[in-house]
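These numbers come from a predicted model, not from an experiment. In listed order, ligands and their atoms are each counted from 1.
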Amino acid sequence: MVVHTLGENNSLFNRFIAEIRDVNVQNDPLRFRRNLERVGEIFAYEISKTLDFADQSVETPLGTATASLPKDEVVVASILRAGLPLHNGLLNYFDKSENAFISAYRKHTEDGKFKINFEYISSPSIDGKVVILADPMLATGSSMELAYKAMLTKGTPKHVHIVSVIASQQGVDLVKNNLPAENTTIWNGVVDADLNSKSYIVPGCGDAGDLAFGAKLG
Ligand SMILES: O=P(O)(O)OC[C@H]1O[C@H](OP(=O)(O)OP(=O)(O)O)[C@H](O)[C@@H]1O
Ligand SMILES: O=c1cc[nH]c(=O)[nH]1
Ligand SMILES: [Mg+2]
């Protein structure tokens, strides 16, 4: 399975990731959401290079130009709720894409553990389409694996691009070991080595959903 980690290259992308992580910037939720959106736009641009293209004619006021344009049908899918700003960023560039939303969240139990609760999926058919499945955090990888399986109930995709802004090595390994290598690609912003005892990524950024939208009950 091909794995891209965009933060390994020097670019402005790394500034956005640094701000997402920075506790002194995180007190501005508008900026936190906007930075997730901005990295979503960059992921979209990079993923677009992997699509199939075909020449098309474009009528200008003065003649006919030829443009090489993507011909794949794209479905942008994201996991609620932290995935929403990232979804918006991807959709800013894949503006003609279809969309899917998956509800998968950590449900905590009294013993301090949690399981992933799945409640809802809204998706078009993904038969023969390129699916971009996004969540800012790939920690244990359980939410992503569950979301992937939920998407497969909607058809057989041509290719699936898994997008995470901050991943753990454990999460990347889970995706690599459990999703088909031949038609899956992983796109990370950065990959951190550790998870803490509550399965939060370290150094990570904290709870992305809470930082974007505020604390929630449960
Ligand atoms: O890789 P995992 O161990 O499954 O953890 C990652 C998941 O945890 C977070 O969601 P969370 O459950 O906090 O929901 P939220 O988006 O509502 O905050 C995050 O956005 C991922 O969906
Ligand atoms: O580090 C983590 C792990 C799961 N969810 C988050 O928002 N952050
Ligand atoms: Mg959360």
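Those atoms of ligand 1 that come under 4.0 Å of a heavy atom in Met137, given as number and element, are 6 (C), 19 (C), 21 (C). Proximity to Asp207 (heavy-atom distance under 4.0 Å) selects the following atoms of ligand 1: 13 (O), 18 (O). For ligand 1 and Gly209, the ligand atoms under 4.0 Å from any heavy atom of the residue are 18 (O). Residue Asp207 approaches ligand 2 through these ligand atoms, each under 4.0 Å from one of its heavy atoms: 6 (C), 7 (O). Within ligand 1, the atoms closer than 4.0 Å to a non-hydrogen atom of Tyr105 are 12 (O), 14 (O), numbered from 1 in the order shown.
Comparing Ile166, Ile102, Asp135 by heavy-atom distance to atom 22 (O) of ligand 1, the nearest is Asp135. Of the listed residues (Lys216, Gln170, Arg106), the one carrying the non-hydrogen atom nearest atom 14 (O) of ligand 1 is Lys216.
Inclusion of Asp210 in the set of residues having an N or O under 3.5 Å from an N or O of ligand 1 is not warranted. Considering backbone and side-chain N/O atoms, Ile116 never comes within less than 3.5 Å of an N/O atom of ligand 1. At least one N/O-N/O distance between Gly206 and ligand 2 falls below 3.5 Å.
The list of ring-ring contact (aromatic ring centres under 6.0 Å, His included) pairs with a residue in residues 16-47, not counting sequence neighbours, reads Phe13-Phe43. The list of ring-ring contact (aromatic ring centres under 6.0 Å, His included) pairs with a residue in residues 54-107, not counting sequence neighbours, reads His87-Phe101.
Counting heavy atoms closer than 4.0 Å to ligand 1, residue Met144 contributes nothing at all. Counting heavy atoms under 4.0 Å from ligand 1, residue Thr140 touches it through both backbone and side chain.
Side-chain contact, Glu19 with Asn35: a donor N or O sits under 3.5 Å from an acceptor N or O.
Between the side chain of Thr60 and the backbone N or O of Thr64 there is no donor-acceptor pair closer than 3.5 Å.
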